[in-house]
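This report refers to the structure that appears directly beneath it.
Just the heavy atoms: all of them, side chains too, but no hydrogens, waters or symmetry mates, feed the values below. Proteins get letters first, then strands, A, B, ... in listed order; numbering begins at 1 in each.
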Amino acid sequence: MSVRVRFAPSPTGLLHIGGARTALYCHLFAKANGGSFILRIEDTDLERSKREYEEAMVEDLKWCGLEWHEGPGKGGDFGPYRQSERTEIYKGLAEQLVSEGKAYPCFLTNDELEELTEKAKSENKAPHIYHDKYRDLDPAEAQKRVAAGETHVIRFKNPNKKVTFTDLVRGEVTFPEDMVGDFVIMRSNGMPVYNFCCVIDDWKMEMTHVMRAEEHLNNTVRQLLIYEAFGAKAPEFAHCSLLVGEDRQKLSKRHGATSVVQYKDQHFLPQALMNYLCLLGWSHPEEKDIWDLDEIVSLFDLTRFSKSPALYDIEKLKHFNGEHMRRLSTKDLVSYLKPTLSENHPFHSQSEQWQETCLEFFKEKINTPQELPEHLDVLFSTTPSESEESKEVASWETTPQIKEYVTSEVKRLADEGAEFVSVEAFNEMTNHCKKELKIKGKFLFKGLRLALTGMAEGPDLKVVIPLTPMAVMKSRLAL
RNA sequence: GCUCCCAUCGUCUAGUCUGGUCUAGGACACCGCCUUUUCACGGCGGUAACAGGGGUUCGAAUCCCCUUGGGAGUACCA
């Protein structure tokens, strides 16, 4: 039987970094095994689920490069893929359980429920211990009350047995018999509850593996019980570690930028995000750290998962982004970085050739597009630096000599129609200062730098000067 | 409270299953040196970890137990 795994988000918000990682693992696992990756929308929470969130998630997933084989809008043999469109299936199956005596209607009101929970707590017992009041109500009587339209939920009649299963990343896990009690499977509004519809769908959609985050580990006991009630074969489970923030708590909005779309908006490279996320809980067999997804699919397997939670660190993500950016071809590099610059940035008015040379040079100095503009200042800024160092260089008696000379030289070149000061021209200036003005060492180079760029430090002048537009040069020299 | 999970540098991790080759390896960050007119890049190097305690064993980061610590769950959220 071929592998089938699903990513099943709830459209109650934007795609989260943690969700993206889970989706990535599912995608990779399916691909590594020649199986199918399915997208299923878990929108049974009517109040919180929004179609716009679903649409945004689809977009973000696509941006991540995680394509799926079956899902809403895409089709497949096991649809519909939106739980809100499958309520009849759940309803029928819930009724089946009731008729088999494996589930029962419960008429507890919210107030009663709360009271019972408080009572259990005050007695230091599990909160759910008294929720089974209607467990043994005569089925005929229950049926009558349901038919009369009395508000009710459907509870699962827990056989109260110890549950053991083998998790693909955690090994054997055992839960005690009294862990969950008679839990709700159908809400009073007729919608199923997560643990119920999740099982139905994984079963009916013939999932072979369920990969999800550790927060769901405890849910597995309920789900296993339901599979058993239907006599259905449960899929294999793999619970991967949680992603945590600085405070070691589950990563959430309050930890800052945790939505995928924020990284998209900040122009991170999706391949860098995926690469980094993948390594947060999974390790490459040869400890390689920079790669594209398709380079590791054949290597991807469940045995290399870490069991402990991983801390999400944006600084390291930036490093990954830098590495991936440097792997881009010149053409891709330009089309990646160019749109990140503001529309009126002087970069855009330069030639294609110039842009390529420029970015090939500056890519070494940055990890993210945000860092680019400040580096570009050395080519475009006409505001001289006011740092201590600049003041010192300006105070040297050789500096005015250099400035006077290069000013006349640049003027001559400009008058001749040169658009840039070429490397050759720059070298000639340097030699002139050296031979005729007898200036050398740091007095020469720092003086030249200050005169030509207005700054005391920066990248190699031989690269920077030929890239500086003549108009900028003239402005700096007050020509 | 109860249940479950987890535990190697500040962080992500390799090594744990199949004890010895681990005076614990790599990466991010940090620091230093080299190169460079400067900064960056690069190269080289450095600081830094097996939570604690008991076992088992000739030998334990690796196996067992306890303690401690952290996390998750305990909903008519998923």
Side-chain angles (χ1 to χ4, degrees), chain A residues 8-12 19 42-45 47-49 83 106 108 110 113 117 120-121 123-129 131 151-155 167 169-171 173-176 178-181 183-195 197-198 212-221 239 241-242 244 246-250 276 279-290 303-304 306-313 315-320 323 326 361-366 375 378 389 393 430 440-450 455-461:
Chain A
S10 239
T12 54
E42 310 222 326
D43 54 352
T44 55
D45 183 339
E47 283 83 54
R48 298 200 300 143
S49 298
Q83 292 187 327
C106 165
L108 248 21
N110 286 336
L113 209 51
T117 304
K121 277 189 189 164
E123 292 170 4
N124 241 331
K125 290 175 179 162
H128 59 253
I129 196 88
H131 291 184
T151 304
H152 68 284
V153 298
I154 306 284
R155 280 183 190 275
D167 187 274
V169 351
R170 266 145 231 289
V173 179
T174 303
F175 297 99
D178 57 348
M179 189 168 147
V180 291
F183 54 92
V184 173
I185 58 174
M186 293 296 280
R187 297 179 238 236
S188 53
N189 67 0
M191 292 299 279
V193 151
Y194 167 72
N195 280 304
C197 48
C198 178
R212 47 164 52 155
E214 196 197 328
E215 55 191 319
H216 287 292
L217 190 58
N218 288 296
N219 281 326
T220 312
V221 59
H239 289 92
S241 62
L242 235 35
V244 300
E246 296 279 341
D247 56 0
R248 290 264 145 206
Q249 313 248 316
K250 189 163 80 170
Y276 173 60
L279 251 13
L280 245 29
W282 182 81
S283 61
H284 189 287
E286 290 160 38
E287 289 204 78
K288 290 210 175 96
D289 40 21
I290 307 295
T303 68
R304 301 199 63 84
S306 160
K307 294 183 199 171
S308 31
L311 194 146
Y312 178 70
D313 176 12
E315 287 310 312
K316 193 155 183 176
L317 169 63
K318 287 179 182 170
H319 166 77
F320 274 69
E323 293 291 340
R326 276 166 227 123
F361 179 70
F362 284 102
K363 74 175 181 186
E364 300 296 340
K365 306 183 183 316
I366 60 170
H375 281 88
V378 74
E389 172 124 45
V393 176
T430 311
K440 57 182 180 178
K442 67 172 183 177
F443 294 102
L444 203 215
F445 286 98
K446 288 215 172 191
L448 271 173
R449 177 181 295 284
L450 189 73
M455 298 170 198
E457 52 193 38
D460 192 353
L461 285 176

Tell me what [X] touches on the nucleic acid: a base, only sugar-phosphate, or nothing, going by heavy atoms under 4.0 Å.
{"X": "G447(A)", "value": "nothing"}
{"X": "T44(A)", "value": "sugar-phosphate"}
{"X": "K446(A)", "value": "base"}
{"X": "T12(A)", "value": "nothing"}
{"X": "L444(A)", "value": "nothing"}
{"X": "E47(A)", "value": "nothing"}
{"X": "S10(A)", "value": "sugar-phosphate"}
{"X": "I185(A)", "value": "nothing"}
{"X": "E287(A)", "value": "base"}
{"X": "P176(A)", "value": "sugar-phosphate"}
{"X": "V153(A)", "value": "base"}
{"X": "N110(A)", "value": "base"}
{"X": "K250(A)", "value": "sugar-phosphate"}

Consider the side chain of [X], meaning its heavy atoms from C-beta on, and name the nucleotide among [options] that approaches it most closely.
{"X": "Y194(A)", "options": "rU3(B), rC76(B), rA78(B)", "result": "rA78(B)"}
{"X": "S308(A)", "options": "rA27(B), rU8(B), rC5(B)", "result": "rU8(B)"}
{"X": "E214(A)", "options": "rC5(B), rA78(B), rU38(B)", "result": "rC5(B)"}
{"X": "E215(A)", "options": "rG73(B), rU11(B), rC76(B)", "result": "rG73(B)"}
{"X": "H216(A)", "options": "rA78(B), rU38(B), rG73(B)", "result": "rA78(B)"}
{"X": "H319(A)", "options": "rC76(B), rC4(B), rC28(B)", "result": "rC28(B)"}
{"X": "R304(A)", "options": "rA78(B), rG15(B), rG73(B)", "result": "rG15(B)"}
{"X": "E457(A)", "options": "rU3(B), rC39(B), rC6(B)", "result": "rC39(B)"}
{"X": "L217(A)", "options": "rA7(B), rC4(B), rA72(B)", "result": "rC4(B)"}
{"X": "S283(A)", "options": "rG1(B), rU38(B), rA14(B)", "result": "rA14(B)"}

More than 12 heavy atoms from other groups under 6.0 Å of CD on E246(A):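 It does not: E246(A) CD has 12 such atoms or fewer within range.
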[atom1] gap between [N] and [M], integer Å:
{"N": "rU21(B)", "M": "rG59(B)", "atom1": "C1'", "result": "14 Å"}
{"N": "rG10(B)", "M": "rA24(B)", "atom1": "P", "result": "15 Å"}
{"N": "rA60(B)", "M": "rU23(B)", "atom1": "P", "result": "12 Å"}
{"N": "rG15(B)", "M": "rG71(B)", "atom1": "P", "result": "26 Å"}
{"N": "rU18(B)", "M": "rC64(B)", "atom1": "P", "result": "10 Å"}
{"N": "rC66(B)", "M": "rC30(B)", "atom1": "P", "result": "43 Å"}
{"N": "rU67(B)", "M": "rC76(B)", "atom1": "P", "result": "33 Å"}
{"N": "rG43(B)", "M": "rG53(B)", "atom1": "C1'", "result": "46 Å"}

Using atom [atom1] of [X] as one end and atom [atom2] of [N] as the other, report the distance to the nearest whole Å.
{"X": "K316(A)", "N": "rC30(B)", "atom1": "NZ", "atom2": "P", "result": "13 Å"}
{"X": "Q249(A)", "N": "rG71(B)", "atom1": "CD", "atom2": "C1'", "result": "8 Å"}
{"X": "K365(A)", "N": "rU38(B)", "atom1": "NZ", "atom2": "C1'", "result": "11 Å"}
{"X": "M179(A)", "N": "rG1(B)", "atom1": "CE", "atom2": "C1'", "result": "14 Å"}
{"X": "D289(A)", "N": "rU11(B)", "atom1": "CG", "atom2": "C1'", "result": "14 Å"}
{"X": "D247(A)", "N": "rG69(B)", "atom1": "CG", "atom2": "C1'", "result": "16 Å"}
{"X": "K288(A)", "N": "rA14(B)", "atom1": "NZ", "atom2": "C1'", "result": "15 Å"}
{"X": "L311(A)", "N": "rG71(B)", "atom1": "CG", "atom2": "P", "result": "12 Å"}

Return the nucleotide paired to [N]: Watson-Crick means purine N1 to pyrimidine N3 with N6-O4 or O6-N4, wobble means G-U with N1-O2 and O6-N3, both under 3.5 Å.
{"N": "rU74(B)", "result": "rG1(B)"}
{"N": "rU23(B)", "result": "none"}
{"N": "rC28(B)", "result": "rG10(B)"}
{"N": "rC34(B)", "result": "rG42(B)"}
{"N": "rA60(B)", "result": "none"}
{"N": "rC17(B)", "result": "none"}

Any carboxylate oxygen within less than 4.0 angstrom of a Lys/Arg side-chain nitrogen, looking at [X] and [Y]?
{"X": "K446(A)", "Y": "E389(A)", "answer": "yes"}
{"X": "R170(A)", "Y": "E214(A)", "answer": "yes"}
{"X": "K250(A)", "Y": "E215(A)", "answer": "yes"}

Most 5' of E315(A) and A310(A) on RNA chain B, judged by nearest nucleotide: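 Final value for this comparison: A310(A).
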5' priority, RNA chain B, between E389(A) and H131(A) [closest heavy atom]: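 Between the two, 5'-proximity favours E389(A).
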Interatomic distance, D43(A) atom CG to S10(A) atom OG [nearest 0.5 angstrom]: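 It comes to 7.5 Å.
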From D289(A) atom CG to K316(A) atom NZ, the distance as rounded to the nearest 0.5 Å: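 One finds 7.0 Å between CG of D289(A) and NZ of K316(A).
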Residue pair H375(A), F361(A): steps toward the ring pair (Phe, Tyr, Trp, His ring centres under 6.0 Å) verdict: CA-CA 11 Å; H375(A) 281 88; F361(A) 179 70; 9.6 Å; no
Heavy-atom side-chain proximity of M191(A) to M186(A) below 4.5 angstrom: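 In short, these two side chains do not touch, never coming nearer than 4.5 Å.
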N/O donor-acceptor pair, side chain D460(A) with base rA40(B), under 3.5 angstrom: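 Absent.
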Base of rA7(B) paired with side chain of K307(A) (donor-acceptor, under 3.5 Å):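 Counting by modelled atom types and ignoring angles, no donor-acceptor contact under 3.5 Å is found here.
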Residues in side chain to side chain contact (heavy atoms under 4.5 Å, CB included) contact with D178(A), at least two apart in sequence or another chain: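 Testing D178(A) for side chain to side chain contact (heavy atoms under 4.5 Å, CB included), a comparison that skips the adjacent residues, returns P176(A).
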Under 3.5 Å side-chain donor-acceptor pair for H128(A) and T117(A):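 Checked: H128(A)/T117(A) side chains show no N/O donor-acceptor pair below 3.5 Å.
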